[in-house]
Peer 1: 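Take this structure, written in structure tokens, and hold onto it; I'll ask about it next.
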Amino acid sequence: MADQRPLGRRTGIMTIEAWLTLGVVFFLFLALVRNIAPPDLLFVGAAALLAVLGIISPEEAFAGFANTGMLTVAVLFVVVAGLRETGVLDYLGHHVLGRATTEKGVLARLAVVVLPLSAFLNNTPIVAMFVPVVIDWCRKNQISPSKLLLPLSFLAILGGTCTLIGTSTNLVINGLMIQNGLPGMSLFEIGKIGLPYALIGVTYLLTIGQALLPERQELLEQLGETRREYLAELLVKPGCRLIGKSVVGAGLRQLPGLFLIEIDRDGRIIGPVGPEDVIAENDRLVFTGIVSSIIELEKITGLVPVADSGYEVSPSEQRQRRLCEAVVSPTSSLLRKTIREADFRATYGAAVVAVHRSGKRVEQKIGDITLRSGDTLLLQVGPHFLRAYRHDPAFYLVSDVADWRPVRRDRAWISVVLFTLLIVLMTTGVIPIILSATLTAVLMVGLGCISSGDARRSIEWQVLITIASAFGVGAALQNSGAATAIATTLVNSTQAWGPIAALAVIYLLGSLMTEVITNNAAAVLMFPFCIETARLYEVSPLPFLMALILSASASFMTPIGYQTNMMVYGPGGYRFTDFLRIGIPLNFLLWIVAVILIPTIWSF
């Protein structure tokens, strides 16, 4: 079919519309770099302005909101949240490091788990899950988190380049390809380059990268700060997975800030407890530990607090409960009563999980502790406890425990089956990816792996709005002829070396752009240039698009280019220059790999 665009848009001559579009894109880029406003607001505003100027139609400005790539990203947020809510991701996170004793050992274990997880799941919850796990390991082994957290983010990024659903960028570009009449990618097509790309990146992190990582000693001091420790007594119920295991084998020595004081076995006290002591059914385990570790104990099925008979153990009932901390006031009616006598269940609809008293260990059974002013209680409460008792004179202060959420353990096997079904459907291509992902997300909600409210909250709307609006800006670059004009300049400057040189330049531009604006925005803005460069060279656009997919995800040089980099920036105590020192050699190495391998796998 003949090209219907005006002559200026076909030959690369800059029209008024092209200059206007480039002006809008320039100010958009500047606003993103200077962080003048949130990215979603900037992109929506830019798309609307381009529509007002007549460069794109209103339909084109917001067509991205119906793009299958963007919609697939949305429903996959729900799928990942379902795996998190059922405890599947937590289980993987806390078992992956095992008995690793060295930094290289931890990095190798993280690579084995994070790379495949990131290939099929959104990177953000994976990194969010592993950050506290890595910090806990660092605390126990007296190693600065700065040696491990940045590689964790990089591993998640590298894993995302191995499959079509590995990152939202892959799905967005795939959606644009289909929209432009090109065949979509299969689930593992990008893996032809992504797998060697990731393996080379891992090798770099285990060798050169490890030597370049900073060691922030001040972080070790922060990790060692004194925190409020609770006394908790827990009963090992029949069927608990700890039965028959040694203390160390059960993982009770691996939780940070936690100490198993004694084991009460039918009135016989075992203490001090050794690492090889074996746990038996109906043992009462007495711990002292920080809130986060008590929460981890509370997640173990069959291990329940014995301080209060009102504690809910049923997963379905636990979903209606919360954890909070409450400090007993000097005028409280609870004073001089034992926890058992206070009958929290009848009085407050709550159950006592653990007790803290001014940094001193209480030498009593927890149920027999007589409450004093200033005692802090860790409570399992109903959903309205905070609102009802926040100003109750019985308590100084009532605050929610932010780290705690009820885990739908009884639905874990369902979420694993559904996720496996999703991978099978995507691999076989029996139905389109958007339909298989949507079906899985709906079943996650329908079968109780996640509530409808949590499903809605799991969707990162800012990311979706940014992606959808960026489609309108990309359409303006094509419609106005700006993409053609820039692609013509690119082709003319690389013609002596051929399309491989153009591919190298596109990868470099994409990599630099993704460091200063979002990866999805960089991908959408660069897409028209890939298409036009291929048209002018009269070659397949596929190699250029594969270079764009990799470069838009290869954000290693700054913390702002990729969300997972920002997630480890603070906890790792990193400086901006740390990313430059480690990321520049890695970016350069992967650029060389991509330029050599891409034309070999996908011919021009």
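All values below were derived from every heavy atom in this structure, side-chain atoms included, with hydrogens, water molecules and symmetry-related copies excluded.
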Peer 1: Check step by step if side-chain contact (heavy atoms from CB on, under 4.5 Å) holds for I193 and L550.
Peer 2: CA-CA 9 Å; I193 177 69; L550 293 177; 3.4 Å; yes
Peer 1: Can you tell me how far apart CD1 (I157) and OG (S553) are? Round to the nearest 0.5 Å.
Peer 2: 8.0 Å
Peer 1: Under 4.5 Å between any side-chain heavy atoms of P151 and L206, yes or no?
Peer 2: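 Not touching, per the 4.5 Å side-chain cut-off.
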Peer 1: Counting only N and O atoms by type, is there a donor-acceptor contact under 3.5 Å from the side chain of Y197 to the main-chain atoms of C162?
Peer 2: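 Looks like no, no N/O pair under 3.5 Å.
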Peer 1: Using modelled atom types only, decide if a donor and an acceptor are shared between the side chain of Y574 and the backbone of L150 within a distance under 3.5 Å.
Peer 2: yes
Peer 1: Report the residues that fulfil side chain to side chain contact (heavy atoms under 4.5 Å, CB included) with V595, sequence neighbours left out, ordered by chain and then residue number.
Peer 2: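 Here the qualifying residues are I500, L503, A504, W591.
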Peer 1: Check salt bridge (Lys or Arg N to Asp or Glu O under 4.0 Å) between D277 and all other residues, then give those that pass, not counting sequence neighbours.
Peer 2: none
Peer 1: Could you walk me through whether V247 and L260 pass the side-chain contact (heavy atoms from CB on, under 4.5 Å) check?
Peer 2: CA-CA 9 Å; V247 171; L260 177 56; 3.9 Å; yes
Peer 1: Keeping the roles fixed (side chain from D375, backbone from R372), state whether a donor-acceptor pair exists under 3.5 Å.
Peer 2: yes
Peer 1: If you compare all heavy atoms of M444 against all heavy atoms of S415, which two are closest, and at what distance to 0.1 Å?
Peer 2: CE-O, 3.6 Å
Peer 1: Are any non-hydrogen side-chain atoms of L199 and Y204 less than 4.5 angstrom apart?
Peer 2: no
Peer 1: Is there a donor-acceptor pair closer than 3.5 Å between any side-chain N or O of S144 and the backbone N or O of K147?
Peer 2: no
Peer 1: Which atom names give the shortest non-hydrogen contact between M526 and I506, and what distance separates them?
Peer 2: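 Scanning both residues completely, I find the closest heavy atoms to be CE-O, 3.8 Å.
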Peer 1: Is the closest side-chain heavy-atom distance between V355 and L378 below 4.5 Å?
Peer 2: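 In short, these two side chains do not touch, never coming nearer than 4.5 Å.
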Peer 1: Of all residues at least two apart in sequence or in a different chain, which pass the side chain to side chain contact (heavy atoms under 4.5 Å, CB included) check with A156?
Peer 2: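 If we apply the side chain to side chain contact (heavy atoms under 4.5 Å, CB included) test to A156, skipping adjacent residues, the hits are V114, S118, N123, V127.
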Peer 1: Measure the spacing between CD1 of I200 and CG of L597 and express it to the nearest 0.5 Å.
Peer 2: 6.5 Å
Peer 1: According to side-chain hydrogen bond (donor to acceptor under 3.5 Å, both in side chains), who are the partners of S551, at least two apart in sequence or on a separate chain?
Peer 2: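 Once residues adjacent in sequence are excluded, S551 has no partner under the side-chain hydrogen bond (donor to acceptor under 3.5 Å, both in side chains) criterion.
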Peer 1: Centres of the F154 and F556 rings: under 6.0 Å?
Peer 2: yes
Peer 1: So how far is it from I549 CD1 to T169 OG1, rounded to the nearest 0.5 Å?
Peer 2: 8.5 Å
Peer 1: Check salt bridge (Lys or Arg N to Asp or Glu O under 4.0 Å) between R581 and all other residues, then give those that pass, not counting sequence neighbours.
Peer 2: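 With sequence neighbours excluded, R581 shows a salt bridge (Lys or Arg N to Asp or Glu O under 4.0 Å) to D578, given in chain and number order.
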Peer 1: Determine the minimum heavy-atom distance between K237 and I243, stating which atoms define it.
Peer 2: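 Smallest heavy-atom distance, with atoms named: O-CD1, 3.6 Å.
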Peer 1: Roughly how far apart are I601 CD1 and I596 CD1, rounded to 0.5 Å?
Peer 2: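 Reported value, rounded in 0.5 Å steps: 11.5 Å.
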Peer 1: Donor-acceptor pair, distance only, cut-off 3.5 Å: does the side chain of T161 make one with the backbone of L158?
Peer 2: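 Present.
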Peer 1: With a 4.5 Å heavy-atom cut-off, do V134 and L110 have their side chains touching?
Peer 2: yes
Peer 1: Let me confirm one number: the OG1-CG distance from T163 to L187, rounded to the nearest 0.5 Å.
Peer 2: 5.5 Å
Peer 1: Between I173 and L548, is the side-chain contact (heavy atoms from CB on, under 4.5 Å) condition met? List the steps.
Peer 2: CA-CA 9 Å; I173 293 179; L548 177 59; 3.9 Å; yes
Peer 1: According to side-chain hydrogen bond (donor to acceptor under 3.5 Å, both in side chains), who are the partners of D454, at least two apart in sequence or on a separate chain?
Peer 2: S451, R457
Peer 1: Enter the distance from I190:CD1 to L195:CG here, rounded to the nearest 0.5 Å.
Peer 2: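 If we round to the nearest 0.5 Å, I190:CD1 and L195:CG are 11.5 Å apart.
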Peer 1: Where do Y507 and A547 come nearest, in terms of heavy atoms and distance?
Peer 2: CD1-O, 3.4 Å
Peer 1: Can you run down the salt bridge (Lys or Arg N to Asp or Glu O under 4.0 Å) pairs that involve residues 195-214, sequence neighbours left out, and say none if there aren't any?
Peer 2: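 Matches after skipping sequence neighbours: none remain.
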Peer 1: How close do V202 and A111 get, counting heavy atoms only, and between which atoms?
Peer 2: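 In terms of heavy atoms, the two residues are closest at CG1-CB, 4.1 Å.
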Peer 1: Residues in side chain to side chain contact (heavy atoms under 4.5 Å, CB included) with D283, at least two apart?
Peer 2: V236, I263, R265, I279, A280, L285
Peer 1: According to side chain to side chain contact (heavy atoms under 4.5 Å, CB included), who are the partners of A455, at least two apart in sequence or on a separate chain?
Peer 2: V78, V445, I450
Peer 1: Can you name the salt bridge (Lys or Arg N to Asp or Glu O under 4.0 Å) partners of D40, sequence neighbours left out?
Peer 2: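 Counting only residues at least two positions away or on another chain, D40 forms no salt bridge (Lys or Arg N to Asp or Glu O under 4.0 Å).
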Peer 1: Is any side-chain heavy atom of L148 closer than 4.5 Å to a side-chain heavy atom of L107?
Peer 2: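 L148 vs L107: side chains touch.
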Peer 1: Taking side-chain hydrogen bond (donor to acceptor under 3.5 Å, both in side chains) as the definition, give me every residue that meets it alongside T420, ordered by chain and number, with sequence neighbours left out.
Peer 2: none
Peer 1: Assess the residue pair V304 and L234 against the criterion (side-chain contact (heavy atoms from CB on, under 4.5 Å)); give the C-alpha distance rounded to whole Å, side-chain angles, the decisive distance to 0.1 Å, and a yes or no.
Peer 2: CA-CA 5 Å; V304 299; L234 298 104; 6.0 Å; no
Peer 1: Give me the atom names and distance for the closest heavy-atom approach of T203 to T207.
Peer 2: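 T203 and T207 have their closest heavy atoms at O-OG1, 2.6 Å.
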Peer 1: Could you tell me if the side chain of Q210 sits less than 4.5 Å from the side chain of L205, heavy atoms only?
Peer 2: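 No, too far: nothing below the 4.5 Å cut-off.
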Peer 1: Which residues satisfy the ring pair (Phe, Tyr, Trp, His ring centres under 6.0 Å) test with F77, sequence neighbours excluded?
Peer 2: none
